[in-house]
Each structure stands twice: as structure tokens, then as C-alpha cells.
Amino acid sequence: MSGETAPGAPTKTAALDRHFGISARGSTVRTEILAGATTFIAMAYIIMVNPAILSDAGLPVAAVAVATCIAAGFATLAMGLVANVPLALAPGMGLNAYFTYTVVLQMGVPWQVGLGCVFLSGVIFLLLTVAGIRQMIIAAIPVHLFAAVAGGIGLFIAFIGLKNAGIVVSNPATFVAIGDLKQPGPALALLGLLVIAGLSAWRVKGALLIGIVVTSIVAWLCGQVHFTPQPYSLTALTETAFKLDIAGALGFGGGHGLGLIEIIFVFLFVDIFDNIGTLVAVTKRAGLVDAAGKIPGLNKILTTDSVATMVGAVAGTSTVTSYVESAAGVQAGGRTGLASVVTGILFLLAVFVAPYAQLAPAAATAPALIIVGGLMMAPLAEVDWDDAYMAVPAFLTLIIIPLTFSIANGLAFGITAFAALKIVRGQAKRGDWLLFVLAGLFVARFVWIAAG
């Protein structure tokens, strides 16, 4: 019997159970290991995608590949060991694009200074956490908006899955359209979708992982995996490690002026709300949110998150953040930090074989994202859709996240709408001051973007 041991038997399994509280959360060691592996497979694409994006900013591909594995491995291990939650972290998509195409290429900031800005945003993160401000921000956001965030992230990752599979494609007339389902990619993804959905319907544990493996094998047999690894050694890390320029990020000896403040603010702003949204969605799905809507061990989670960003900058990569793909592991049964420890170890092991980490093609991992996205719709039942006071902000949050590819934008619309409706209904109270401050900051951000 997996994950079980005789009473009093001094085994490693029993020790793991005690340390992570596995039985108390209704899981087993085997399930946690399976969940950790599932999350890793769903996230492994970042090992190749992150270097591809940051290389446009002038960072060496091999160095960033190693830095990505080390940053993700350290951060996810720490999240499991310190905070005991099934939450995985890695350099964030979106933030790495902002780093490359806006900070470095558009603003002309050297990548070393950009890494310094990332590091400083992590320091500010930590200070806000210690001061309890991040926790206050989370407490100021109404529960029904977090339910909408969970649903919005579900749509977001399902959309990514459909896009990666080629089932949904861009169209100049209608923005999006159905892809050519006769092509190998969409066909393989539909096969994977059928396998995962069928196994899930039969309540088979590990349905996501089995579906990914089966689809990958079929893809290889059909000659649909085309992958050429780039050779590198671990010494490549020296090309980016400790190359960050903190003095330059503070404006000493440079001519970037207020632009550096904007850069740090954007890293900080987006990461705060992307993290809040992902954190709530994943912990809610894992059943770790209590009846009052509180997340146990929140300080540890946020502190780990902050330190992870600083470590990532030192290693040579953009902002490290929590990943919505963690939901894949949660759906596979992950309920404790052991799942994160497994994911973290796999990322560290991937350092040695980083070019081969994407042996599972997009057509194999996309169905898992689609299924998980659909399952994340459940919290939307908590929203009173008959009450416009709750429904309008929730809907704006829900729809803006996938359509703008930004959790932060979804929260911005939802919080601003909720604050406005509070005023309209005459229900604004002194205790809502932080809600209105957040709404004001969001409005100022949109004005700033429009002016730029």
C-alpha cells in the first residue's frame, strides 16, 4: 500500500508524513511524488522558453538555461520545505518578455542593470512582507474576487493550452479562430485530451501525468518531435551569475533616471498581483484556504517568494514568481510541500540535461493545461451572479485575465470596479481605505500606460 506504513515503524515514509503532514491533508507520499512530477512536466517548457526570450536581451542562452533551472529548483524547494504548500516557482512568463523587449531593447537599459532592478524589487517585496503590507493587500480584496481570479486563471491556462496545441489560432478578422485539426499537433493534443479526460472520469490517480506520457510516446513514434539541444556545461552559469548591477539600478553613474524607478515598480507591481492571484487559486484548489478565507502560513509563502526573486537575479534570470501550472500537480493530488520538493529536485536535476527537458512536446502538455483550466471553474459558484454589486467586478476579473494574458490586469479591473460600486452604493467605510488606495494605484497605472 503506497504512502502507508505500520504504526510506529521508523521508516522514511513515516518521517516524511510527519514532517509535511501528508496524512492530515488526506494525501500519501506516492501521490505527492506523482503530483510533483506532474507539475514539473507542465512547467518544463520554461527551461527552454526563458533562455530564448532573455537571449534577445543579450544574455547567453546556456547561462540562462542553467540559471533558470537553479532559480526554479531553489525557489520551489524552499516553498515546499519552508511553507509546506504545493506551489512551484520559476522565472515568470510576461515579466521575462518585459525585461527583454521593454527594459533592455526599448529603454536601452543594460541587462546587468535590469537584473539589478529585479533584485531590488525582490528586496522591496521582502520589506513589504515583513511589514505586513502584502498580507494587508490580500485581506483588502473581497473573497468573491479571488473566486473570480481562480476562474480567470483557469480560462487563462486553458487558453494557453488550446493555443499551444494549435486548436485555437490567431485570426486578423476575428482575433482567434479554430486551427486545422488535421495537423499533427492539434490531433495529438485532442488525443491527449481524450486520454486525460477519460482517465479523470474514471477517477484514475495520475491521469494528467499518464496522459502526457502517452501523448509524448505517440508523438515520438509518429516523428512529430523535432528538438535540437544546444550544448553547454555548468560553468556557463558564470556568464550571468553575480553580474547584476545594483548600483546602476539605483541610478548611480547612469543616465536612465526615473525610468529605473518605473522598471522596479512594474516588476514589483505585476509580481505582487500575479502572485496573489496564483497563490489564492492554487491553495484554494488544494483545499488549504480556511473557512475565513485565510491561507495558513501566508508569511512563510510570501517571504520565500521574495527571496526567490533575489536569488534568481543573482543567478542571472528575470523575476521568479509562482506558476499557475502548480494547479496541474494539485489536480494530481498534491496537497503538501513534498510535491514542491519533488518539483524542485527535478528542476535541479534538469541542470545537467536542460536541453532535453522538453522531450514532452507542447501537444502533450497542452491537454493537461486545458483540463486543469476547466476544473478551476468550480470556485465561480461562490459568486452571487444575481447581484451586480458582486457579479460585475467578478466578471471583469474573470474575462480580463485571459483576454489580456495578465492576472494583474484582471485584478486591476475587478478591484477598481468593486471600489467604484462601493462608492455608488454608499457603502464605503473607513476600514476600506486600502481597497481605495489599491484602486487609485491601478487607475494611476492605466493613466501612466496610456500616457506612455
Side-chain angles (χ1 to χ4, degrees), residues 39-77 79 88-105 111-112 114-119 121-122 157 160 163-164 227-232 234 236-241 243-244 266-267 270-271 274-275 278 305 308-326 328 343-344 346-362 365-366 369 405-407:
T39 296
F40 172 76
I41 290 175
M43 289 177 62
Y45 67 88
I46 194 62
I47 298 173
M48 297 303 295
V49 175
N50 195 49
I53 292 175
L54 294 184
S55 65
D56 286 344
L59 283 81
V61 172
V64 178
V66 180
T68 299
C69 291
I70 290 176
F74 166 83
T76 307
L77 265 174
M79 189 62 74
L89 300 90
M93 291 295 294
L95 285 169
N96 54 7
Y98 172 77
F99 180 100
T100 295
Y101 302 109
T102 301
V103 175
V104 177
L105 298 181
W111 62 261
Q112 295 88 342
L115 289 178
C117 291
V118 172
F119 182 87
S121 72
I157 62 177
I160 291 173
K163 174 181 173 293
N164 290 348
F227 182 63
T228 304
Q230 299 295 320
Y232 76 91
L234 294 183
L237 183 63
T238 59
E239 298 181 59
T240 56
K243 300 297 184 182
L244 70 169
V266 170
F267 282 139
V270 175
D271 200 16
D274 275 9
N275 262 306
T278 302
D305 184 308
T309 288
M310 290 185 278
V311 171
V314 170
T317 184
S318 53
T319 306
V320 174
T321 185
S322 52
Y323 259 59
V324 293
E325 284 85 353
S326 303
T343 305
L346 290 174
F347 266 115
L348 292 178
L349 291 175
V351 165
F352 302 99
V353 290
Y356 303 96
Q358 273 196 311
L359 294 182
T365 56
L369 298 180
F405 264 51
S406 171
I407 299 167

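If you're wondering where the values come from, they're calculated on a predicted model, not measured in any experiment. Computation of the quantities below employed the complete heavy-atom set of this structure, encompassing side-chain atoms and omitting hydrogens, waters and symmetry-equivalent molecules.
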Minimum heavy-atom distance [X]-[Y], with the two atoms named:
{"X": "Ala67", "Y": "Ala315", "result": "CB-O, 3.6 Å"}
{"X": "Ala350", "Y": "Phe40", "result": "CB-CZ, 4.2 Å"}
{"X": "Ala42", "Y": "Glu325", "result": "O-CG, 3.7 Å"}
{"X": "Pro60", "Y": "Thr240", "result": "CD-CG2, 3.8 Å"}
{"X": "Trp111", "Y": "Val104", "result": "CA-CG2, 4.0 Å"}
{"X": "Ser318", "Y": "Leu115", "result": "N-CD2, 4.4 Å"}

Quick one: does [X]'s side chain get under 4.5 Å of [Y]'s, heavy atoms only?
{"X": "Ile46", "Y": "Phe347", "result": "yes"}
{"X": "Leu89", "Y": "Asp305", "result": "yes"}
{"X": "Val64", "Y": "Ser55", "result": "no"}
{"X": "Leu348", "Y": "Leu77", "result": "yes"}
{"X": "Thr309", "Y": "Ser121", "result": "yes"}

- Query: Of all residues at least two apart in sequence or in a different chain, which pass the ring-ring contact (aromatic ring centres under 6.0 Å, His included) check with Phe99?
  - Reply: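 Once residues adjacent in sequence are excluded, Phe99 has no partner under the ring-ring contact (aromatic ring centres under 6.0 Å, His included) criterion.
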
- Task: With sequence neighbours excluded, tell me which residues meet ring-ring contact (aromatic ring centres under 6.0 Å, His included) with Tyr98.
- Result: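 Expected list: Phe267.
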
- Task: Can you measure from CG (Leu237) to CD (Glu239) and round to the nearest 0.5 angstrom?
- Result: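 CD of Glu239 is found 9.0 Å from CG of Leu237.
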
- Rounded distance [0.5 Å steps], CG in Asn96 versus OG1 in Thr319: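 It is 9.0 Å, given to the nearest 0.5 Å.
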
- Task: Examine distances only and state if a side-chain atom of Thr100 and a backbone atom of Ile53 form a donor-acceptor pair shorter than 3.5 Å.
- Result: yes

- Task: Report yes or no: does Ser326 contribute a side-chain atom to a donor-acceptor pair with the main-chain N or O of Ala88 at less than 3.5 Å?
- Result: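 Judged by distance alone, yes, a pair lies under 3.5 Å.
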
- Message: Side chains of Thr68 and Asn50: any donor to acceptor distance under 3.5 Å?
- Response: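 Yes.
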
- Message: Could you go through Val311 and Val320, starting from their C-alpha distance and side-chain angles, then the distance that decides it, and tell me whether this counts as side-chain contact (heavy atoms from CB on, under 4.5 Å)?
- Response: CA-CA 9 Å; Val311 171; Val320 174; over 6 Å; no

- Item | Partner residues of Ala313 under the side-chain contact (heavy atoms from CB on, under 4.5 Å) criterion, sequence neighbours left out |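 Ala313 satisfies side-chain contact (heavy atoms from CB on, under 4.5 Å) with Val118, Phe119, Leu244 only.
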
- Query: After noting the C-alpha distance and the side-chain angles of Asn164 and Thr365, does the key distance pass the side-chain contact (heavy atoms from CB on, under 4.5 Å) rule?
  - Reply: CA-CA 9 Å; Asn164 290 348; Thr365 56; 5.8 Å; no

